[in-house]
Protein chains: 2
Amino acid sequence: MGGQDRPRRPTVSDVAATAGVSVKTVSRVINNVPTVRPELVEQVLVAIGELGFRRNDMASSLRSGRRTATIGLIIEDLANPFYSVIAATVAKVARSYDTHLITVSSEEDPRLEQRQFLELCQRRVDGLIIVPAGSDHSYARPEMEMGMRVVFLDRPPSGILADSVVIDNARGARTGVEDLLAAGHSRIGVITDSPSIYTARERLSGVRTALTEAGIPYDDSLIRVGVTRPEEAVRVVADMLDGADPPTAFFTGNNRITVGAVRELCRRGHDAALTGFDDFELSALMPRSLSLIAYDVQELGRTAALRLFDRIGGDGSWPSETVIGTRLVRRGVELLKT
Amino acid sequence: MGGQDRPRRPTVSDVAATAGVSVKTVSRVINNVPTVRPELVEQVLVAIGELGFRRNDMASSLRSGRRTATIGLIIEDLANPFYSVIAATVAKVARSYDTHLITVSSEEDPRLEQRQFLELCQRRVDGLIIVPAGSDHSYARPEMEMGMRVVFLDRPPSGILADSVVIDNARGARTGVEDLLAAGHSRIGVITDSPSIYTARERLSGVRTALTEAGIPYDDSLIRVGVTRPEEAVRVVADMLDGADPPTAFFTGNNRITVGAVRELCRRGHDAALTGFDDFELSALMPRSLSLIAYDVQELGRTAALRLFDRIGGDGSWPSETVIGTRLVRRGVELLKT
DNA sequence: GTGAAAGCGCTAACAC
DNA sequence: GTGTTAGCGCTTTCAC
């Protein structure tokens, strides 16, 4: 059956022999060098078609020393919609530079992140975009000194100087809490991910700023950190509501937590106000009103990718930190009915 | 600043010179050949550390002729949650085979699909998983005859014999419509994507089977095909409801259409029954009850990936078609409140 | 156990 | 314009 007998792939010399020219002429033709006699071009193209020749890109870039036309993207988890939009956007920019994208998941594990980084360096990708899990990226320095281009996405690097593109986490969270305060809430339940994660830290700091400036006394029982999955958020919300003097509003630190909070509030039919960080795909159909700190995820990915290709293209300017702004949006299915 | 002066990357000969051994010994060490004297191993490792040597994988696989430890995945759009889950699952399986994944989007364009296919062949990926957009895949034959392994996902190939993994679309759709019929509905609005897409064709055929077997006369005004985006689904639902003798139930052919239908039905507060193909992430929080034809997307991706690695590993058996089953599930936020 | 030389498939340099 | 030669970085002979 087909594909069983593997007839060795034809090489440039096979093509050259078939076309009756030299390998160099074949090379010229497949690289579109214009100074080849049209009839020879024709002969070569015919031979290529006959043999089913397909230039070996590895050999090509090995010899020419040019770029491999590949970049790498290290993220937490491709199945997470936030990261898949990032990946899609980066791939799109990459394509406009005739470059392919290898995406790998670090699963929020710093050691795995480092291994993936080094593996991708071994493949000689032209550059890397990293959403860092770890808090020390000095392992990247030797590679960067040898020319590897690296851009950090969503979280800044530490222990090394490099480009980064992040969201204005603190300001966004502050705005969200200020909005709740303006609506008259003073007991606000705050639920965020682990403070070991940069974005969670920043957002919590924004929350604190808003509370402090409003002169709200600090109540530890209203702040829960280290909440990762929606189910945990469900439990934490239930817990807070069942406590003495429950909050009248919640601020949730990311979309997974927001979804958990929506779930529990809806299950109870509870009308506590809800404001969360991150917009998400079906937020407009949520069965209750909520406010979200939204930002342009595609812009985040696009900006990082363009920065990377600038670097690959030879831009040697001082590393930059780009901050993407946020805005407060109202969501929920009720809004559709107006 | 760092990374500006690009000190040529060290090669095996640099390492050999530094360690005072031959390149072959260096090669043995980095390939874990056990027959090297421990002290030489040590010297080589020290040299590698000093120089920051990192083996060039392209050169390695070029010379050895072994696999490139890369596979390709051609999908419609990585930003679509269905495909990102597929990509994540495939990447996970790939990782267990120490293989990287290059994901490219065909944007539902057969010509682009073919170009991406050939580009990935040029990179000498070890194998390819394709969610085909086009309806003729004979372009893949020459490459497959030269040893390229290809598995088709979600839609079968045409014009070529190859492995495929698909969902039981017809049976799933039939079950969904039968469920609506059993609930007493006889006027069912059916909305699907373009019949040029395999899955849409199959699902529509399942719908027809159910209607025919129930003896329901065929009403063209109740069937709309070629609906792609949620906004179009919104309009189509509105249109049908505003018509004379409107449907009392809807069957929607994929998750994008289902979401559009939910949106319009909720906006109107209309209580038509709704059953759709595909489950989606937040279906449990939809503000109305609905039924969905669900299936295990991860199993789809995993099965295809494992099949591909079997092929890469030398399995030469006759091409297989694997069919993944579906099940009917009830969703909507009301269910949480019980 | 170790090393020298050849060569994977291709392109840069140089000749013609 | 075209062809010959050397060599990218590595691994495979096959000697020693």
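Chain letters run A, B, ... following the sequence lines, proteins first and then strands; every chain starts at 1.
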How long is the line joining CZ of B:R123 and C1' of C:dG9, in whole Å? 16 Å
Quickly work out the A:R54 CZ to C:dG9 P distance and round it to whole Å. 17 Å
For D:dG9 and B:T11 - does any side-chain N or O of the residue sit under 4.0 Å from the phosphate oxygens OP1/OP2? no
A:R123 and A:T68: side chain donor to acceptor below 3.5 Å: no
Rounded (10°) bend between the five-pair end axes of the helix from C:dG1-D:dC16 to C:dC16-D:dG1: 40°
Does the side chain of A:S61 come under 3.5 Å of the side chain of A:R67 through a donor N or O and an acceptor N or O? no
From CA spacing to verdict: salt bridge (Lys or Arg N to Asp or Glu O under 4.0 Å), B:R9, A:E145: CA-CA 10 Å; B:R9 288 193 93 100; A:E145 278 168 358; over 6 Å; no
How long is the line joining CD of A:E39 and C1' of D:dG1, in whole Å? 11 Å
Quickly work out the A:F53 CZ to C:dG9 C1' distance and round it to whole Å. 8 Å
Between atom CD in B:Q122 and atom C1' in C:dC10, what is the gap in whole Å? 13 Å
Does a donor on one side chain and an acceptor on the other come within less than 3.5 Å for B:D77 and B:S105? no
Compare the minimum distances between each of D:dG9, C:dG3, D:dT2 and the side chain of B:N56, then state the nucleotide with the smallest one. D:dG9
Any carboxylate oxygen within less than 4.0 angstrom of a Lys/Arg side-chain nitrogen, looking at B:R307 and B:D315? yes
Rounding to an integer number of Å, can you tell me how far B:M58 CE sits from D:dT11 C1'? 15 Å
Looking only at side chains, do B:E76 and B:S106 share a donor and an acceptor under 3.5 Å apart? yes
Does B:Q298 have more than 12 heavy atoms from other residues, nucleotides or ligands lying within 6.0 Å of its CD? no
Pairs: protein N or O with nucleotides 11-15 of chain C N or O, under 3.5 Å:
{"residue": "C:dT11", "atom": "OP1", "partner": "A:N31", "partner atom": "ND2", "Å": "3.1"}
{"residue": "C:dT11", "atom": "OP1", "partner": "A:R55", "partner atom": "NH1", "Å": "2.6"}
{"residue": "C:dT11", "atom": "OP1", "partner": "A:S60", "partner atom": "OG", "Å": "3.4"}
{"residue": "C:dT11", "atom": "OP2", "partner": "A:S27", "partner atom": "OG", "Å": "3.0"}
{"residue": "C:dT11", "atom": "O2", "partner": "A:R63", "partner atom": "NE", "Å": "3.0"}
{"residue": "C:dA12", "atom": "N7", "partner": "A:K24", "partner atom": "NZ", "Å": "3.0"}

Side-chain ion pair, B:E113 and B:R155, N-O less than 4.0 Å: no
Which pairs count as ring-ring contact (aromatic ring centres under 6.0 Å, His included) when at least one residue sits in residues 112-134 of chain A, sequence neighbours excluded? A:F117-A:Y139
So, is A:T25 close to the D:dT2 phosphate, meaning a side-chain N or O under 4.0 Å from OP1 or OP2? no
DNA chain C: 5'-proximal contact among B:S22 and B:L62 (nearest heavy atom): B:S22
